[in-house]
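Contents: one structure, followed by commentary.
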Amino acid sequence: MAESEKEAALSPKEEFSEWYNELLWMAEIMDVRYPVKGLYVWYPFGFAIRRNTYNIIREILDNSGHQEALFPLLIPENEFMKEAEHIKGFEDEVYWVTHGGRDPLDIPLALRPTSETAIYPMYKMWVRSHADFPVKIYQIVNTFRYETKHTRPLIRLREITSFKEAHTVHATWEDAEAQVKEAIRLYTEIYRRLAVPVLRSRRPDWDKFPGADYTDALDAIMPDGKTLQIGTVHHLGDNFAKTFDIKYEAPDGEQRYAYQTCYGISERSIAATISIHGDDKGLVLPPEIAPVQVVIIPIIFKKGAEEVLAACKDVKERLTKAGIRVEIDASDLRPGAKYYKWEMKGVPLRLEIGPRDLQNNVAVAVRRDTGEKEQIPLSDIETRVSSKFEAIHESLYQKAKTELENRVFDCDELEEVKEKIQMGVATIPWCGKRECGLAMEDVIGAGILGIPLEQKRDRKEKCPICGEETETRVYVARTY
Ligand SMILES: Nc1ncnc2c1ncn2[C@@H]1O[C@H](COS(=O)(=O)NC(=O)[C@@H](N)CS)[C@@H](O)[C@H]1O
Ligand SMILES: [Zn+2]
């Protein structure tokens with residue numbers, strides 16, 4: 001795109017939907033013009049954000065005993081159709097390959113919507129004894145879901161391009177339960193690294209993953225008050241083990257069915273990060289995932305231009321050696337246009353260096369998140385820039401955490417819930433009975449999100465539908 005095209009003003013963030021769509025284009029993250037609904041193109045800049053984000057995900061999974069593998073995309077119909085609940089949940093969403101060239105295939109092949117039915121026939125062959133446990137394998141692949149609801153880039157795609165799915169196997173239901181808790185902890189850590197605070201809850205039974213015993217989920221509160229499900233962890237019991245005959249020899253020599261979990265994160269992780277931290281000038285990226293972490297702007301006058309450019313190059317070399325991703329913008333754009341461009345791309349730190357700064361042996365550091373300016377000595381630029389990154393990350397997280405806490409409203413009446421979910425998430429007592437939950441959803445016109453995993457069960461309240469005493473409150477929210 002020509003530079004001039006991009007000077008068009010970005011909508012204010014209050015108009016979140018327009019702001020979000022324009023930003024994906026103006027910051028060169030995704031091109032939505034691909035001629036298939038629900039499929040989008042990663043621009044190089046967006047792809048670099050994806051790479052940095054998934055490096056964090058890989059680091060946290062690899063450092064917690066997971067191994068990365070890769071399974072085929074195409075799943076034979078007979079395997080896909082084995083687990084009844086799973087089929088019910090996915091049959092309306094799965095794409096089928098029916099031909100090879102002009103020849104019709106004798107067995108239609110599903111494009112994986114998720115990979116249980118590709119992986120578990122292999123697990124059946126791999127798992128032999130309790131000594132093989134825990135199996136903790138994940139893959140990062142594209143998956144395909146024929147979503148009928150409104151598709152949106154990074155949020156609801158038909159080709160989920162960045163689907164990280166982990167599939168674990170254990171000896172007992174309790175071991176699998178412990179793995180679910182570990183996965184929730186790891187997901188919370190991943191989002192901490194993205195400076196994204198999360199709500200953690202157990203989905204109501206009617207909203208759990210097809211074929212699971214239960215589903216725990218992480219949700220972000222988006223700027224428009226709707227929640228985005230940005231990670232899910234499922235306890236699969238021995239449901240799939242029975243379907244796919246995954247058995248192991250127990251210490252007492254018995255053959256037993258295994259217990260399993262699976263958990264997934266997609267590019268929604270990037271949607272949440274962009275949406276929560278961005279502002280009216282564009283992206284605000286946590287330093288760890290920013291493709292460009294520092295942009296150096298030489299302040300050039302006729303006099304002393306060479307010295308300034310030389311100094312900028314020296315600073316770039318030193319920062320690069322320190323492992324920092326840095327650019328110099330020595331283009332002939334006027335300074336204001338440069339600031340506009342790099343602020344749009346969410347570069348966490350701008351360094352301005354002019355002749356006067358050289359005399360004082362300093363650079364002017366400008367933070368993207370707060371706009372705060374500070375002179376920093378060129379002598380220890382590496383350490384000062386790195387500590388700025390930590391300050392920026394911490395400030396982004398604390399700001400987002402306060403924002404989330406201000407958007408959770410404890411309500412006592414259903415009418416109040418209807419009003420509060422326009423701004424964020426409401427909590428309301430619930431006896432836990434299905435009919436009351438569904439009745440509540442009808443009255444409110446929005447779904448029960450889940451029962452908070454950290455629930456303060458310290459007082460008895462009344463279910464607003466049946467009046468039964470309960471210690472449980474439940475999250476209610478409009479969702480993506
Ligand atoms: N159409 C979609 N576009 C983008 N992300 C999606 C889409 N559908 C689901 N996701 C994300 O993928 C995560 C995992 O999907 S899931 O259906 O809940 N769970 C599974 O598929 C399990 N096999 C665990 S990997 C969800 O929490 C959600 O964040
Ligand atoms: Zn009730």
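In listed order, ligands and their atoms are each counted from 1. Being a predicted model, the structure only gives us computed values, none of them experimental. Note: hydrogens, waters and symmetry copies are ignored here, and every other heavy atom, side chains too, is used.
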### Query
Where does Tyr263 meet ligand 1, judged by heavy-atom distances below 4.0 Å: at the side chain, the backbone, both, or neither?
backbone
### Task
Decide whether a cation-pi geometry holds between Arg202 and Tyr214; the criteria are a distance under 6.0 Å from NZ or CZ to the six-membered ring centre and an angle within 45° of the ring axis.
yes
### Query
How does Arg268 reach ligand 1, if at all, at less than 4.0 Å between non-hydrogen atoms: by side chain, backbone, both, or neither?
side chain
### Task
Establish, yes or no, whether the cationic atom of Arg192 lies under 6.0 Å from the six-membered ring centre of Tyr397 and within 45° of the ring axis.
yes
### Query
Tell me: protein heavy atom nearest atom 12 (O) of ligand 1, and distance?
Phe163 CE1, 3.6 Å
### Summary
In this structure, atom 19 (N) of ligand 1 is nearest to the protein heavy atom His234 NE2, 3.0 Å
### Query
Per the side chain to side chain donor-acceptor pair (under 3.5 Å) rule, which among His167, Lys164, His235, Gln179 passes with Tyr263?
Gln179
### Message
So, regarding Glu165 and ligand 1 (criterion: nitrogen or oxygen to nitrogen or oxygen, under 3.5 Å), is there a contact or not?
### Response
no
### Message
With a heavy-atom distance limit of 4.0 Å, tell me whether Ile160 approaches ligand 1 through its side chain, its backbone, both, or neither.
### Response
side chain
## Note on the structure
OG1 of Thr273 to CG of Leu194, rounded to nearest 0.5 Å, is 4.0 Å
### Query
Closest non-hydrogen protein atom to atom 14 (C) of ligand 1, residue and atom name please, with distance?
Thr232 OG1, 3.3 Å
### Query
Is there a donor-acceptor pair under 3.5 Å between the side chain of Thr261 and the backbone N or O of Val180?
no
### Task
Flag this pair as yes if the NZ/CZ of Lys124 is under 6.0 angstrom from the six-membered ring centre of Phe244 and inside a 45 degree cone about the axis; otherwise no.
no
### Query
ligand 1 and His167, any nitrogen or oxygen pair closer than 3.5 angstrom?
no
### Any N/O pair Leu157/ligand 1 closer than 3.5 Å
yes
### Query
Heavy atom under 4.0 Å from ligand 1: found in Glu267's side chain, backbone, both, or neither?
neither
### Query
Is it the side chain, the backbone, both or neither of Ile155 that has a heavy atom closer than 4.0 Å to ligand 1?
backbone
### Message
Could you tell me, atom by atom, which parts of ligand 1 come under 4.0 Å of a heavy atom of Glu116?
### Response
22 (C), 23 (N)
### Query
Applying a 4.0 Å heavy-atom criterion (strictly less than), which segment of Arg158 is in contact with ligand 1: side chain, backbone, both, or neither?
neither
### Query
Tell me, do Asp213 and Leu236 make a side-chain contact under 4.5 Å, heavy atoms counted?
no
### Task
Before giving the answer on salt bridge (Lys or Arg N to Asp or Glu O under 4.0 Å), spell out for Asp238 and Lys242 the whole-Å C-alpha distance, their side-chain angles and the decisive distance to 0.1 Å.
CA-CA 6 Å; Asp238 57 2; Lys242 285 186 174 147; 3.2 Å; yes
### Within-cut-off N or O pair, Ser266 and ligand 1, under 3.5 Å
yes
### Query
Starting from atom 20 (C) of ligand 1, which protein heavy atom do you reach first, and at what distance in Å?
Phe209 CE1, 3.4 Å
### Message
Are Phe389 and His393 an aromatic pair, judged by ring center distance below 6.0 Å?
### Response
no
### Query
Charged N to carboxylate O below 4.0 Å: is that the case for Glu147 and Arg156?
yes
### Query
In terms of atom number and element, which parts of ligand 1 are under 4.0 angstrom from non-hydrogen atoms of Gln229?
18 (O), 26 (C), 27 (O), 28 (C), 29 (O)
### Summary
At under 4.0 Å between heavy atoms, what of Thr114 touches ligand 1? The answer is side chain
### Task
Report the angle formed at the Zn ion (ligand 2) by atom SG of Cys436 and atom SG of Cys431, rounding to the nearest 10°.
100°
### Query
Between OH of Tyr138 and CD1 of Ile265, what distance do you get to the nearest 0.5 Å?
11.5 Å
### Task
Within a distance under 4.0 Å of any heavy atom of Glu147, pick out the atoms of ligand 1 and give their elements.
1 (N), 2 (C), 8 (N)
### Query
So which protein heavy atom does atom 9 (C) of ligand 1 come closest to, and at what separation?
Arg145 NH1, 3.7 Å
### Query
Just wondering, more than 12 heavy atoms not from Lys13 lying within 6.0 Å of its NZ?
yes
